Structures are given as C-alpha cells and as structure tokens.
Amino acid sequence: MATKLAFLDALRAQTQALSSAQLIFATLALVTTTYLVGYVVYQRYFHPLAKFPGPFCASITNFWKVYELSTLALPTRMCAVHEKYGPVVRIGPDDLSFNIPQAIAPIYKVGRKMPKGIFYKGYVSTVPDIFSTRDENVSCETPTPGWYVHRTLLTNEFNCQLHALRLKQIGPGLSVSALKHMEPVFDNHIDKLLQKLDGYVESGAVLDLKSALGLYGYDVTAQLAFDTDFKAQTTGELPPLNNHFLLGNIYGLLANLLPHIATWSAYLPQVKALIQSRNDLKKIAADSIRQSLETHNNETEPGTLLAALINAKDPDSGKGLTENEINSEAFVFLVAGSHTTSSAMVALLFYIHQNPKVLARVRAELDSAIPGQQRTPYEFTGLETNLPYILACIRESFRMSPTAALLLPHEVINPAGTMIGDYHVPLGANCSILSTCLHHNPDVWGSDHNQFDPDRFLPGSARYSSSNPNMLFHFGQGNRQCAGRNIALMSIWKVVVTVMKNYDIELVNPNEEFVMLEYGVGDKKGPMNVRVKRRIVS
Ligand code: HEM
C-alpha cells in the first residue's frame with residue numbers, strides 16, 4: 001500500500017511538472033498511436049477482405065499502388081505479387097486483383113450488378129463521360145445501408161443511366177459500317193507517314209519508328225475527334241498525353257480522398273506539372289470543338305467521330321449532346337485512342353521484326369493473300385479475314401504487351417456479396433483484372449508466356465485453343481469494353497499492312513528487351529530505332 005501511494009505521489013509530481021502544452025501533445029500522441037494501431041489491426045484481422053492475402057502495405061493504404069505506379073512499372077509489380085500470393089490478391093484496403101479467366105465474366109459481364117468502381121472518378125475531366133461514368137443504372141435505386149454506402153453510393157456519383165444513353169447516342173457512330181465513312185481520314189494521315197518513311201529510305205538515316213507512329217496516332221485520332229488537322233506529323237510535336245493518364249491514375253487510386261487530395265497535391269511541383277499538361281490538353285480540345293461546331297452542319301454524313309457526336313441522338317427521346325458533353329466525349333476519344341493505338345503498333349512491329357521466322361511468315365502471307373504492291377493505303381475491308389497469321393500476330397502482341405494495362409475495378413454492390421470464380425467476395429470490394437497479369441499467368445499461357453508465339457492464336461496450330469482469344473483483356477470485356485476498338489483495329493491493320501508491303505524494316509537493336517513504361521497507357525521504353533528500305537515485290 002505504501003509503495004502504491006509513493007508511486008502515485010511521484011506520478012502527481014511528474015504530471016505537475018509537465019506544461020499543459022506537453023500534456024496536450026502526449027494525449028494527442030497516445031490517441032493517434034491507439035488509432036493507428038487499431039486501424040492496422042482492423043484492416044489486417046477484422047476487415048471484410050482480411051482473409052485475402054497480399055502485401056502488408058497494400059492492405060492498409062492505397063498509397064502502395066500510387067508508389068508502384070510512380071515507378072512506371074505497376075503491372076510488372078502486380079504480376080510479381082500474383083506470383084507470390086496466388087490468383088486473388090488484396091492490393092488495397094478495399095481492393096482485390098484477379099489474374100484468372102474465370103473472373104472475367106463475374107466482374108465485367110454482369111452489367112449493373114458490378115458497376116465501375118470509384119477509381120474512374122479520377123478520370124472525370126469536365127463532366128462525366130462514356131469512360132468515367134459509373135452508372136450502370138444503379139443510382140436509380142435507393143442505396144442499401146452498410147459501411148460501403150458511406151464510401152460510394154451516398155456521394156451520388158452514379159449518373160442515372162448516362163452510360164446506356166451514351167452508348168445509344170454514340171454507339172452507331174463507332175460501328176464498323178460508320179467507320180467506312182471515316183476511312184479517308186486514316187488514308188490521309190497514313191500517306192503522310194509513308195512520305196516520312198520515304199525520306200528515311202532516301203537518306204538512310206536511323207528513324208525512331210515509335211515517334212513516327214505516335215505522331216500519326218495523335219493526328220488521326222485528333223482529326224476524327226475534332227475534325228481538325230493538328231499537323232503533329234509535320235511539326236513533330238506531341239502533347240504530353242501520358243501525363244493525363246498518370247494523373248487520372250493517381251487520382252483514381254486515391255479516389256476516396258478526392259477532392260481533397262487533388263487540392264493538396266496540386267502544391268507538389270510534379271503534380272502541378274501534370275495538372276498543367278491536362279489543362280493544356282483540355283484547352284486544345286475545347287478550342288477545336290468550338291471552331292468545328294461553328295463550321296459544322298448538323299446531320300452530315302458521319303465522316304469523323306465529331307460528326308457522330310454532333311449527330312448523336314437518343315433513339316427513344318431524340319435527345320442529343322450539349323457542347324460541353326461533346327467536348328468531354330471528344331476529349332475521351334483523343335486521350336483513350338491515340339497513344340493506346342500507336343503503342344500497340346509499336347509493340348506489334350517490334351515483335352514481328354525481332355523474330356525472323358515470324359517476319360518471314362508475315363511477308364509470305366502478305367504476298368500470297370495480296371499479290372503485287374500498291375503505294376496507297378490498303379482498304380480495311382477483308383484484311384482481317386484474308387490474313388489469319390497477321391491476325392494471330394496482332395492478338396499475340398496484345399497479349400504480350402497490352403497498351404492500356406490499368407486497373408479496371410468494378411464494385412460488389414450485392415449486400416450478400418458475390419462469387420468470383422471460387423471466391424466469395426463481400427459487399428463493397430473493388431475487383432480488378434489487370435490485363436498484363438492475366439496475359440502472363442503461367443497457369444493459363446504456359447511457362448513460356450514471355451515468348452512471342454503467334455501460333456497461340458492461329459487456328460489449326462498445335463498451340464491454338466478456341467478459348468485463347470476469349471482470354472485476352474487488352475480492350476477490357478463486357479459492356480464497358482473499349483468503345484473505340486474498331487477504330488484502333490482499323491488503324492493497326494491499315495498501317496501494318498501498308499507499311500510492311502512497302503518497306504523492309506530492320507531493328508537497329510534486335511536483341512533489345514521490349515519494356516513498357518506504364519503511365520496507365522503503355523509507352524515503349526526508349527526509341528524504336530530502325531532502318532527502312534523500299535520493298536520490291538515481284
Ligand atoms: C489499341 C488501342 C486501344 C486499347 C488497348 C484500348 C483499351 C481500352 C480499355 C482497356 C478500356 C477500358 C475498359 C473498362 O473500363 O473496363 C477502354 C475504354 C474505352 N476506349 Fe479504348 N482502347 C484503345 C483504343 C481506343 C480508341 C481508338 C478509342 C476512340 C477513339 C477508344 C475509346 C474508348 C472509350 C470511349 C472507352 C470507354 C468505353 C465505355 O466505358 O463504355 N479506345 N479502352
């Protein structure tokens with residue numbers, strides 16, 4: 001008893017000696033530490049996703065993903081965590097990643113049952129657009145109470161049926177038949193690309209094909225989206241499209257902290273530069289739209305995507321798009337369409353020219369299916385059906401190096417949770433498939449998944465399986481898959497066939513390992529230096 005009293009006296013004396021400021025500080029430190037310990041214990045042992053394995057940091061904070069993104073190698077890192085932890089990995093406090101084909105249908109092909117996750121909020125540039133809207137009709141219903149409701153539904157970011165409306169309005173303008181009217185736009189810019197190649201044939205100088213294709217991709221997409229020739233192929237100047245993706249990804253990965261994180265981070269010089277790039281790009285887009293709208297007649301033949309946007313009507317209500325909405329959608333076309341497509345062409349041409357046997361088969365197929373040679377761009381119709389080996393090369397290249405390798409999370413909104421493959425996933429979880437990880441899962445593609453082998457997609461070959469094309473995820477899948485895939489494929493087919501018919505391309509560094517820098521959209525690391533000669537087909 002005496003010892004206890006002595007202890008209390010000592011404690012009282014000690015306490016009196018402390019200033020009130022010190023007391024406040026000590027209390028705050030105690031509360032903060034208790035909160036942090038409690039938070040970590042909750043995330044690791046009591047959170048609804050606690051049973052799923054994954055890196056420790058990822059389970060307690062989304063900054064893990066932001067850090068990995070900042071290294072421009074997020075997909076590689078994600079593949080490594082799948083290798084370590086298995087087919088389902090907890091990659092954020094509320095996030096799971098899957099790398100198995102069985103997860104495609106339950107996440108991406110169930111429409112309104114799994115709407116796009118909060119991540120997409122990071123991509124809203126002006127008003128929600130076809131890519132970033134997260135409606136799938138769900139906001140029309142009263143949210144179910146639960147912890148998840150506080151995070152997402154109560155914020156009322158689901159725009160009732162906007163996506164369905166946009167698909168009805170814009171979808172017809174993106175169809176293969178509508179694209180036929182747009183083919184002259186592609187031809188015009190491919191002509192300029194050929195002129196550039198001719199210049200390098202004559203000089204014998206080394207050409208950076210990545211840069212040439214990037215400029216082509218930007219020009220053709222800008223012309224389609226804004227009905228304006230941005231003349232990048234002439235000026236050689238490309239706006240920083242990668243920065244837009246990087247910023248969208250950073251905001252998206254921290255979407256729970258928006259808009260505050262956007263306000264605070266804007267003071268960081270690096271983020272400031274990204275925001276400036278995005279604003280510059282938005283201004284170019286808005287100015288072009290205003291100009292084009294002034295000169296454009298309504299109800300014209302859909303010769304560009306812009307015309308398709310202007311002519312777009314909801315078949316039920318007759319409702320069209322406002323200038324702000326046209327602006328927003330055209331901006332999406334530009335950023336979603338240009339770099340993704342040119343990077344895909346870079347990867348395809350790199351892989352073909354790095355593999356002499358593949359190159360020989362491509363040339364043999366080209367010359368037997370399309371005899372002779374023409375200097376003008378080849379017509380799109382018939383290329384895919386007549387060139388099965390090149391189709392296999394395109395698919396294998398998409399598999400090896402998908403150019404839109406970003407997390408595409410969809411949320412579980414069923415209060416009872418949902419089954420994804422063999423796994424029960426609770427309400428509120430954000431579930432993603434990252435294309436690179438699915439495309440390089442050795443259990444699916446074999447231990448040689450890092451090898452470029454078009455036979456995987458060539459019907460009749462020993463390696464072919466009819467399920468292989470269905471396991472590709474480069475354009476996403478389901479009702480939110482890439483709306484511009486026909487445009488991308490038209491560009492890829494026309495450029496690759498026209499260029500390979502007319503030129504012999506030789507890689508300056510044929511032993512180089514192909515590495516993508518991942519901004520959200522992939523960009524080959526370093527230039528793609530080549531020498532070009534005219535190809536003479538007898
Ligand atoms: C090889 C080139 C391309 C690749 C790899 C690609 C890939 C993708 C991916 C992965 C998505 C996201 C799917 C999701 O959120 O679940 C997407 C969406 C989209 N892409 Fe593409 N894309 C390409 C070219 C284009 C082009 C050329 C355009 C238009 C000019 C375009 C317009 C869009 C649009 C509008 C969406 C939103 C679709 C929706 O949510 O309904 N893309 N793309």
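These figures come from a predicted structure and were not determined experimentally. For ligands, and for the atoms within them, numbers begin at 1 and follow the listed sequence.
Nearest-residue assignment for atom 7 (C) of ligand 1 (options His474, Met345, Gln477, Gln481; heavy-atom criterion): His474.
By the criterion of a heavy-atom distance under 4.0 Å, the side chain of Thr403, and not its backbone, is placed next to ligand 1.
Using a 3.5 Å distance cut-off with no hydrogens or angles, the side chains of Ser97 and His82 do pair a donor with an acceptor. In the model, Thr133 has no side-chain atom that pairs as donor or acceptor with a side-chain atom of Tyr120 under 3.5 Å. For the residue pair Ser467/Asn470, the side-chain donor-acceptor check at 3.5 Å is not satisfied. Using modelled atom types, one finds a donor on one side chain and an acceptor on the other under 3.5 Å when comparing Arg480 with His163.
You'll find the ring centres of His439 and Phe473 outside the 6.0 Å limit.
An N or O contact shorter than 3.5 Å links Tyr120 to ligand 1 by distance. The N/O atoms of Ile130, backbone and side chain alike, include one that comes under 3.5 Å of an N/O atom in ligand 1. Residue contacts with ligand 1: Asn479 is placed with no nitrogen or oxygen under 3.5 Å of a nitrogen or oxygen of the ligand (distance criterion only).
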> Is there a ring pair (Phe, Tyr, Trp, His ring centres under 6.0 Å) between Tyr464 and Phe457 once you walk through the steps?
Replying inline: CA-CA 5 Å; Tyr464 179 75; Phe457 295 100; 7.7 Å; no
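Among protein heavy atoms, the minimum distance from atom 14 (C) of ligand 1 is reached at Arg480 O, 3.3 Å. Considering only non-hydrogen protein atoms, atom 41 (O) of ligand 1 sits nearest to His163 NE2, 2.6 Å.
Atoms of the protein (N, O or S only) found under 2.8 Å from atom 21 (Fe) of ligand 1 are Cys482 SG.
Taking the six-membered ring for Trp and thresholds of 30 and 60 degrees, Phe350 and Phe514 have ring planes inclined between 30 and 60 degrees apart.
Look at Glu329 and you'll find every heavy atom at least 4.0 Å from all atoms of ligand 1.
Every residue two or more places apart in sequence or in another chain that forms a side chain to side chain donor-acceptor pair (under 3.5 Å) with Gln169 is listed here: Arg166. Legend: residues meeting side chain to side chain contact (heavy atoms under 4.5 Å, CB included) with Leu72, ordered by chain and number and at least two apart, are Leu246, Leu517, Tyr519.
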Which atom pairs, one a donor and one an acceptor, fall under 3.5 Å between side chains of residues 331-342 and the rest of the protein, sequence neighbours left out?
{"unit_1": "Ser338", "atom_1": "OG", "unit_2": "Leu334", "atom_2": "O", "d": "2.8"}
{"unit_1": "His339", "atom_1": "NE2", "unit_2": "Asp523", "atom_2": "OD1", "d": "3.4"}
{"unit_1": "Thr340", "atom_1": "OG1", "unit_2": "Ala336", "atom_2": "O", "d": "2.6"}
{"unit_1": "Thr340", "atom_1": "OG1", "unit_2": "Gly337", "atom_2": "O", "d": "3.3"}
{"unit_1": "Thr341", "atom_1": "OG1", "unit_2": "Gly337", "atom_2": "O", "d": "2.6"}
{"unit_1": "Ser342", "atom_1": "OG", "unit_2": "Ser338", "atom_2": "O", "d": "3.2"}
{"unit_1": "Ser342", "atom_1": "OG", "unit_2": "His339", "atom_2": "O", "d": "3.4"}

